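Take a look at the structure below.
Here is how names work: the chains are called A, B, and so on, in the same order as the sequence lines, proteins then strands, and each is numbered from 1. Here the structure is a predicted model, which means the values were calculated and not measured. Scope of the values below: all heavy atoms of this structure, side chains included, with no hydrogens, waters or symmetry mates.
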Amino acid sequence: MNQVIWVVLLPFVGSVVCLLAHRKAVFALGMAASLGTLIVSVGLVAHVWEHASARVELGGWATPLGIALHLDGLSALFLLLTAVVGVLVGIQAGSYFAQSPELRAMGSRFWPLWLLLWGGLNGVYLCSDVFNAYVLLEISTLAAVGLTILSGSTASLVAGLRYLLAAMFGSFMYLLGVALIYAGTGQLDFLLLSRGVTPQVHTLTAFGLMVFGLLIKSALLPFHFWLPPAHSSAPAPVSAVLSALVVKASFFLLLKIWFVVFESISGGTPGGMPSQLLGILGSLAVFWGSFQAVRQSRLKLLIAYSTVGQLGYLFLIFPILASPDFQGHEALAWGGTIFHLFSHGLAKASLFLAAGCLLQAMGTDDLHAMRDIAGRLPVITFSLGVAGVSLMGLPPSAGFVAKWMLLRAVLASGQWWWAPVIVLGGLLTAAYVFKILAHTFVPSEGEALRLNSVPLVMTLVPLALAILCVLMGFRADEVIALLPAVPHFGTGKNGWEMP
Amino acid sequence: MSTFSIYSLAAILLVGLGVYGLFTRQHLLRKVMALNVIAGGIFLLLISTAYRNQDLFPDPVPQAMVLTGIVVAISATGFALALVRSIHRRMAESETDPSQDSWDQP
Amino acid sequence: MENFYLGVACFLFLTMFVGLVRVFLGPQQEDRLVAVQLFGTTGVAILLLLAHAFDAPSVRNAALLFTLLAVLAVVAFVRTPESLDGEKE
Amino acid sequence: MNLILLFDVFLIAALLLVSWRLLGASDLFQATVLFISFGLFLSLAWIRLGAPDIALAEAAVGAGLAGVLLFGTFKGLEPGADRENDSFTSEPCRLDPISPCPGKIHLLLAFTCVGSLTTLLVLAVLDLPATGDGLTPMVSQFLERSGVEHPVTAVLLNFRFYDTWLELGVLVAAVLGILCVRNRFDLRELKVLQAPDVMLRRLVMGLAPTMALVVVYLLWLGDHAPGGAFQAGVVLAAMLVLLWFSGHASITGLSRMLWLFCLIAGFAVMLLVAVVSALWPEMRPLEFPEEWSAMIILGVEVVATLSIGVALSSLAILSLGAVDDPGGS
């Protein structure tokens, strides 16, 4: 199973080569690395599908001493999402950064940083060591901040600094947790820790600190302040990557910390306070993020606030799985969450890329300027609409399947009070999606806005992402069938045994 | 009180001071310093952990973690300070000439 | 002998506390800078004493680094330009 | 025994006092100066706790580079704030210039939050086992097979090679990020400082070769005693920054390609090791044959020293010179 390491190696090789290569060759080399990573990721999904999970001990050193990579269903799905979004964003970036000398210079910085970020993200999905996870989080954070400030505008610098400070604080809190857990148990590996932790004051504190740090990085409600400015002021391909992938990596790590490392603590307190608290914060995030999104008058800021709201749904999995009278529906809860993650990743990337096209065509992303856009830029408007439908959760999109599964899981767990959150959140989402679409159909009064031309590829990529998102909804059965490969954490047969 | 507990308590107090400074101080340079104080506290905790074992040599794993952490912290600090300085300059420029910022999104 | 070294180290520490007062009170930038430079020297002395007290010769390398690099802060203080791309404020 | 306790108390009192004043003092310059002494006290603590490796790195980072970074930024932010600056009133530098100063409620809230966090942490630390050998037995068991004699180097460059490799990636990411701030990809546009007076020139003429020797010395120490690529790299960075300050071209004289090459070399060499070991049929990823490990580790260390030196000095020089010129590329 040594090929697991290639999903980390290929982006890094691409990054080094892109940094040293001539400006004209950067796009081709970057795309080559991206496609290679996609192929390896698909191969890994197939491997998990056929053989279940895999574990590689790096350097040949057994785990308490060395570092292991761990591939399971959850990691494979994250790898796949990252690769699909990554390749499509790469195609978009190719034409986005080819338009002017300034943008070309930006592009030659985009590729090395983006591939470094991609390698870091893939490393997070595979990692099985709490300290290694810290280093990987740092590499992704610094690369993500570098990408945020790519355009060099003052707004993006301020947003980038805010992002950097918040993320550094989050990492340090996580590292403090790592220090405590190592001082207490003398272990760093996920699997060994999961056997070693017992509910004592220092392990509980370490658990709290690690979760706290990761919550800041995954922008749950009171800690979301850094996200909207950073995601809205970056260039469009970067915004797509940040919203669709980077915050999800911290969430992925949170899942592993919660359900694998501290399984005996988080699973030992059924329906306990911490998981309910995360559920409440998640619900508040759904309402607050969507409400703020409705209020915005700039398209990119609206989409960024929508990310805050949509991330909230992910946190419902914690109270659902903690319920005592919850039996045999883990797959439903996991399926709903993973499906939401996928559909949001694809739809959000599509929205940001479409917004980038609009910004380029109109020269502004003010919603009020978007008069009569529907007739003049039909493809972009169509992508916005389709991606929006998926965000809202209307059938037959993937968003619908996700919310339907979450709703069923909530009812099965006997915690009916989360159901209104899902329904009302969908309504608020509809409100801001219709706000965008309504502006595009307003006929222009007087002289129409002169539109700049947008390369064809740039309009097709958002469309492809939106269509993928819908297709996933049509193919719900197959995707759900793949989900048993996702570990049922905590049931013993979870893929977290040593192979 | 063993040496370990004295130093680990000191480490925790450093973290507390750093977090308080980060929350209450507005100046950006001060925020960066506060983050470095937090980092110092965490490193001190790790090294005092390593000190508990004196049989052969102090535990090398936390030491390696701290060495890695120091380099990560100084790179992030350098990056943050570069951003601080750049932002400060832009702000000063835009006060005198609001049309300076031509780097807005294309 | 170990106690002697530690005793001297503690005494030197006391002198550093006195030096800290100068850093706190200032009033000029130079006062503070020189006080900190003095710390550097005292710190090197303490390091050398500790090297003897703990019988850890590698500590001397740390003292060596401090001696070498102490000048860097002063040079940075004196020489940092306020503008680098030739622009004047 | 009592004396050592007294020493501990002094050291901890100094650490807490300095960090409290450093965050609380109204004068920014004082905070900058105190930050340097914070690094000094921390290195004393590392020595006291038997971690000379960390002390070496902290001496170079805390006393050398952090001082340069902070002084440089301070001068950039407060060009006029010289002299009697206890009552310094210039425009504070904030993320939200419009937001009001924190009110009493804000301070009280922060105090309560931090107070409860600290209390929790104190309880947690008191709850920690007073003894524990962590991974020391395993390290000493496998030390012979690692190719080096010094346990910390063995952990860094063999047992946890992956972490060290990624950490060089963090450095590269930070430098690339700063380049985005500047909107440039070339160091040569940075102005070389004017030649200084005779004293500094003589000083640097003496110091720089000594530092170069120390770099080699630390690198050589790494395989059997505290020292190694990190510490050597940081000293190299300090030397390059010092050269730049004294009017030499230093790294700003390198061509773009050469500079990028030096910057990425450490990361790339470790990547090469990873790729070769992943392609090699009988080996685990990142594994190297036992008989070659000493050679490989030495080679990686030499290149990593170069990369760390170039990256950290670029970080310092670029952030001192992170003066972008809007619109003029």
Within the 4.5 Å heavy-atom criterion, are B:Leu67 and D:Thr164 side-chain neighbours or not?
no
Got B:Thr68 and D:Leu156 here, is their nearest side-chain heavy-atom distance under 4.5 Å?
yes
Can you tell me how far apart OG1 (B:Thr77) and CG (D:Leu70) are? Round to the nearest 0.5 Å.
8.0 Å
Atom pairs and distances, donor-acceptor, side-chain atoms in residues 7-14 of chain D, under 3.5 Å, two or more places apart:
unit_1	atom_1	unit_2	atom_2	d
D:Asp8	OD1	B:Tyr7	OH	2.8
D:Asp8	OD1	D:Arg48	NE	2.7
D:Asp8	OD2	D:Arg48	NH2	3.2

Taking the side chain as every heavy atom from C-beta outward, state whether D:Thr118 and B:Val15 have any pair of such atoms under 4.5 Å apart.
no
Measuring heavy-atom distances to chain B, does D:Phe159 have an atom under 4.5 Å in its side chain, in its backbone, in both, or in neither?
neither
Interchain contact, B:Tyr20 with chain D, by part (heavy-atom threshold 4.5 Å)
both
Evaluate D:Trp46 against B:Phe43 for side chain to side chain contact (heavy atoms under 4.5 Å, CB included), listing each step before the verdict.
CA-CA 10 Å; D:Trp46 306 142; B:Phe43 298 157; 3.7 Å; yes
Roughly how far apart are B:Asp59 CG and D:Ser140 OG, rounded to 0.5 Å?
10.0 Å
Assert top hit (heavy-atom pairs under 4.5 Å, partner chain B, pool D:Ala57, D:Gly62, D:Pro137, D:Ala51) equals D:Ala51
Between CD1 of B:Ile70 and CD of D:Glu167, what distance do you get to the nearest 0.5 Å?
10.0 Å
Scored by heavy-atom pairs under 4.5 Å with chain D, the best of B:Thr49, B:Val32, B:Leu44, B:Leu22 is B:Leu44
Heavy atoms only: give me the nearest D:Val181-B:Ala82 pair and the separation to one decimal.
CG1-O, 4.2 Å
Minimum heavy-atom distance between D:Leu23 and B:Gly21, given as atom pair plus value:
CD1-CA, 4.3 Å
Looking at D:Leu69, D:Ile54, D:Asp53, which has the largest count of heavy-atom pairs under 4.5 Å with chain B?
D:Ile54
Under 4.5 Å heavy-atom distance to chain D, tell me which part of B:Ala34 shows up: side chain, backbone, both or neither.
both
The interface call for B:Leu45 against chain D, heavy-atom contacts under 4.5 Å, is side chain
Would you mind telling me which of D:Val234, D:Val61, D:Leu171 makes a side chain to side chain contact (heavy atoms under 4.5 Å, CB included) with B:Ile74?
D:Val61
If you define the side chain from C-beta out and look only at heavy atoms, does anything of D:Phe74 sit under 4.5 Å from B:Leu81?
no
Nearest-0.5 Å distance, CG of residue D:Leu128 to OG of residue B:Ser5
10.0 Å
Between atom OG1 of B:Thr24 and atom CG of D:Leu109, what is the distance when rounded to the nearest 0.5 Å?
11.5 Å
Return each pair, listed once, that meets salt bridge (charged side-chain N to carboxylate O under 4.0 Å, His left out) where at least one residue sits in residues 6-20 of chain B; pairs must be two or more places apart or across chains.
none
From B:Gln63 CD over to D:Leu49 CG, what is the distance, rounded to the nearest 0.5 angstrom?
9.5 Å
Tightest non-hydrogen contact, residues B:Phe23 and D:Ala110, listed as CB-CB, 4.1 Å
Most contact-rich option vs chain B, by heavy-atom pairs under 4.5 angstrom, among D:Ala124, D:Ala66, D:Ala154, D:Gly24, is D:Gly24
Heavy-atom closest pair, residues B:Gly40 and D:Leu42
CA-CD1, 4.1 Å
If you apply the rule side chain to side chain contact (heavy atoms under 4.5 Å, CB included), what do you find for B:Val71 with D:Val170, and how did you get there?
CA-CA 9 Å; B:Val71 176; D:Val170 173; over 6 Å; no
With a 4.5 angstrom heavy-atom cut-off, could you sort out which part of D:Thr153 is near chain B: side chain, backbone, both or neither?
neither
Side chain to side chain contact (heavy atoms under 4.5 Å, CB included), that's the test. Do B:Leu17 and D:Val114 meet it? Break it down for me.
CA-CA 8 Å; B:Leu17 272 173; D:Val114 175; over 6 Å; no
Quick one: of D:Gly115, D:Gly228, D:Pro129, who has the most non-hydrogen atom pairs under 4.5 Å with chain B?
D:Pro129
Heavy-atom distance under 4.5 Å between the side chains of B:Arg30 and D:Leu22, does that happen here?
no
Which pair of non-hydrogen atoms, one from D:Thr136 and one from B:Pro60, has the smallest distance, and what is that distance?
CG2-CD, 4.2 Å
Begin from the C-alpha positions of B:Val61 and D:Val152 and carry the test side chain to side chain contact (heavy atoms under 4.5 Å, CB included) through to its verdict.
CA-CA 7 Å; B:Val61 176; D:Val152 178; over 6 Å; no
D:Leu315 versus B:Ser75, closest heavy-atom pair with distance
CD2-CA, 3.4 Å
Side chain from CB out, backbone as N, CA, C, O: work out which of these in D:Leu168 comes under 4.5 Å of a heavy atom of chain B, or both, or neither.
neither
